[in-house]
Amino acid sequence: MQRKKLFNSCCVLLMLICVFIVAPTQAGIDFLDAPAQETSRASKSLLLDVVKAGDRLVAVGERGHIVYSHDGGDDWLQAEVPVYVTLTAVHFPTPLKGWSVGHDGVVLSSTDGGKTWAKQLDGYFINEQVLAQAQARYEAAEAMLDSASDDEELEEAEFQLDEASFALDNAKEDLETGPAKPLLDVWFRNEYEGFVVGSYGIFLYTADGGKSWQLVSERLNNPYGLHLNAIDSYDGEAIYIAGEAGSLHRSTDGGKSWELLPTPYDGSYFGLIVSRIENGTEKILTFGLRGNLYASDDAGETWHRAETQTQASFFGGTTTEDGRLFVVGGDGKVLSSVDGGHKFSSATRKDRLPNSAIVEFDKNELVLVGYGGVRYMKIE
């Protein structure tokens, strides 16, 4: 399968599809070494994700902008961020410790609830890890070819060597190109153990709070390096990853092993919500291009398509404390469900601006982020 090209930065601004890429340097500036510039309009810029960190709201977006609010969104302050790249996702497993990821393979961490951030990882490291694994795969394929004892083993070994050679050539090209792979979502079980997913099948794991990271893409059944767009879990044991071409991966042992689940859709999933229903199984909601939204009541074994009555793409969603589901996307669309995702009501905000994420910050009050920054919505 030919590797798919990423959309340019204009598509990011217009579509809010966090998969896509901007150049790592302009005019000799390395955006990984240039801090985000202070601006009074940071909370009104393109923001791609928002979460709660204790009693605080934290949102991330373009140009390294991270903003936070102590007062439920009345006032927003800009955080100190050491990079200028677009940030695509943020997650806080505790009120103080959080992580954000973004373009150029960047991983940031905060220990003070989002006020200040430090860089833990970037695309240079990822490229080196990809190259090392590709080299090891190539050497293993060579050894397999040398030890082949019959025509069937020889044919398989030649196939594996061709595949390994292709992967090694790509890894070498990526190393020369620079840190161009965006990371697209992050999820931590606790303040030590977490996962990051990204474009071209990038899958990272840490067990020490990000002091060290492992490239663990080989754990997934993803031979063509499809983009991994979202990761979520309810209890930290069953974990789900959604991506392009209708791919959905599930782990039931905390991320050690994974299986690829069949889904009824072959387009891209951009968002994922995992919750728990009364019988103890995971409720999964995944959504993406052209109004497609699917739900499962049995941990991904079977699916039903929700009627959304729109062709707008969906990018983010949340579950409120009282169990209602909300999903947001293009054209100002906001879907809501009170029955666990079987039926949705659809509304269109007057501004019709695309939204990329939504979170409940107070009873019956939601904050949304997207093109144009932060906005608010009351639950009827």
Side-chain angles (χ1 to χ4, degrees), residues 9 12 18 20-51 53 56-70 76-129 177-188 191-192 194-199 202 204 206 208-215 357 369 373-374:
S9 57
V12 177
C18 305
F20 310 118
I21 210 166
V22 293
T25 60
Q26 288 184 4
I29 299 174
D30 188 340
F31 292 152
L32 290 170
D33 289 329
Q37 297 179 4
E38 186 176 354
T39 170
S40 61
R41 295 189 59 80
S43 65
K44 295 179 174 59
S45 63
L46 172 66
L47 297 173
L48 296 175
D49 199 13
V50 60
V51 296
R56 181 176 297 170
L57 290 165
V58 181
V60 305
E62 66 173 342
R63 302 174 186 171
H65 290 163
I66 299 181
V67 293
Y68 60 94
S69 174
H70 298 281
W76 292 87
L77 302 173
Q78 187 174 355
E80 297 178 24
V81 179
V83 297
Y84 193 73
V85 302
T86 294
L87 301 171
T88 56
V90 60
H91 183 246
F92 276 80
T94 75
L96 293 179
K97 289 194 174 183
W99 282 263
S100 180
V101 300
H103 287 193
D104 291 1
V106 72
V107 178
L108 306 177
S109 66
S110 174
T111 59
D112 57 9
K115 293 194 296 183
T116 61
W117 295 80
K119 186 174 69 173
Q120 286 190 335
L121 183 70
D122 61 36
Y124 294 109
F125 171 86
I126 294 173
N127 284 345
E128 291 171 357
Q129 293 294 302
T177 301
K181 291 184 175 69
L183 302 178
L184 303 172
D185 203 6
V186 53
W187 177 84
F188 269 71
E191 59 186 282
Y192 301 106
F195 299 88
V196 169
V197 297
S199 61
I202 294 298
L204 299 164
T206 182
D208 55 15
K211 294 178 182 178
S212 62
W213 288 88
Q214 296 174 262
L215 180 66
V369 298
V374 177

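Everything numeric in this text was worked out from a predicted model, so none of it was measured.
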| task | Give a yes or no on this: more than 12 heavy atoms of other residues, nucleotides or ligands lie within 6.0 Å of atom CZ of Arg56. | result | yes

| request: Might you point out which heavy atoms bring Gly98 and Pro93 nearest each other, and give the distance in Å? | output: CA-CD, 4.3 Å

| request: Would you name the heavy atoms of Pro179 and Leu32 that are closest together and state the gap between them? | output: CG-CD1, 3.8 Å

| Quick one: are His65 and Val81 in side-chain contact, heavy atoms under 4.5 Å? | no

| field | Inter- and intrachain pairs under salt bridge (charged side-chain N to carboxylate O under 4.0 Å, His left out), touching residues 79-94, at least two apart | value | none

| Is Gln120 reaching over with its side chain to a backbone N or O of Trp213, donor-acceptor style, under 3.5 angstrom? | no

| task | Report the residues that fulfil side-chain contact (heavy atoms from CB on, under 4.5 Å) with Glu191, sequence neighbours left out, ordered by chain and then residue number. | result | Thr94, Lys97

| Nearest non-hydrogen partners of Ser43 and Val67, listed with the distance | N-CG1, 3.9 Å

| message | Is there a side-chain contact between Leu183 and Val106 in this structure, where contact means two heavy atoms from C-beta onward sitting under 4.5 Å apart? | response | no

| task | Please step through side chain to side chain contact (heavy atoms under 4.5 Å, CB included) for the pair Leu77 and His70, ending with a clear verdict. | result | CA-CA 9 Å; Leu77 302 173; His70 298 281; 4.1 Å; yes

| Is the backbone N or O of Val85 less than 3.5 Å from a side-chain atom of His103, with the two atoms forming a donor-acceptor pair by type? | no

| Side chains of Leu48 and Leu87: does their closest heavy-atom pair fall under 4.5 Å? | no

| message | I'd like to know if the side chain of Ser100 reaches the main chain of Ala89, judged simply by a donor and an acceptor atom lying under 3.5 Å from each other, with no hydrogens or angles considered. | response | yes

| Would you say the side chain of Val101 lies within less than 4.5 Å of the side chain of Thr88, judging by non-hydrogen atoms? | yes

| query | Going from NZ on Lys115 to CG on Leu96, what distance comes out if it is rounded to the nearest 0.5 angstrom? | reply | 9.5 Å

| Any side-chain heavy atom of Val374 sitting closer than 4.5 Å to one from Leu47? | yes

| From CA spacing to verdict: side chain to side chain contact (heavy atoms under 4.5 Å, CB included), Phe125, Leu215 | CA-CA 10 Å; Phe125 171 86; Leu215 180 66; over 6 Å; no

| task | Look up atom CH2 in Trp76 and atom CD1 in Ile66, then write down how far apart they are to the nearest 0.5 Å. | result | 12.0 Å

| remark: In terms of heavy-atom contacts, Pro35 and Tyr84 come closest through O-CD1, 3.9 Å

| request: Answer whether the closest heavy-atom distance between the side chains of Phe188 and Thr206 falls below 4.5 Å. | output: yes

| remark: Given the options Val197, Val196, Leu204, Val186 meets side-chain contact (heavy atoms from CB on, under 4.5 Å) only with Val196

| field | Val90/Trp117 under side chain to side chain contact (heavy atoms under 4.5 Å, CB included): CA gap, chis, key distance, verdict | value | CA-CA 12 Å; Val90 60; Trp117 295 80; 4.1 Å; yes

| request: Take Asn127 and Lys181 through the side chain to side chain contact (heavy atoms under 4.5 Å, CB included) test and state the conclusion after the steps. | output: CA-CA 9 Å; Asn127 284 345; Lys181 291 184 175 69; 3.7 Å; yes

| Note, Asp122 side chain near Asp104 side chain (heavy atom, < 4.5 Å) | no

| message | Testing the basics here: between Trp99 and Ser109, what is the closest heavy-atom pair and its distance to 0.1 Å? | response | NE1-CB, 3.6 Å

| task | Check whether any side-chain heavy atom of Gln37 sits under 4.5 Å from a side-chain heavy atom of Thr39, and report yes or no. | result | no

| Nearest heavy-atom neighbours spanning Ala53 and Gly113 | CB-O, 4.5 Å

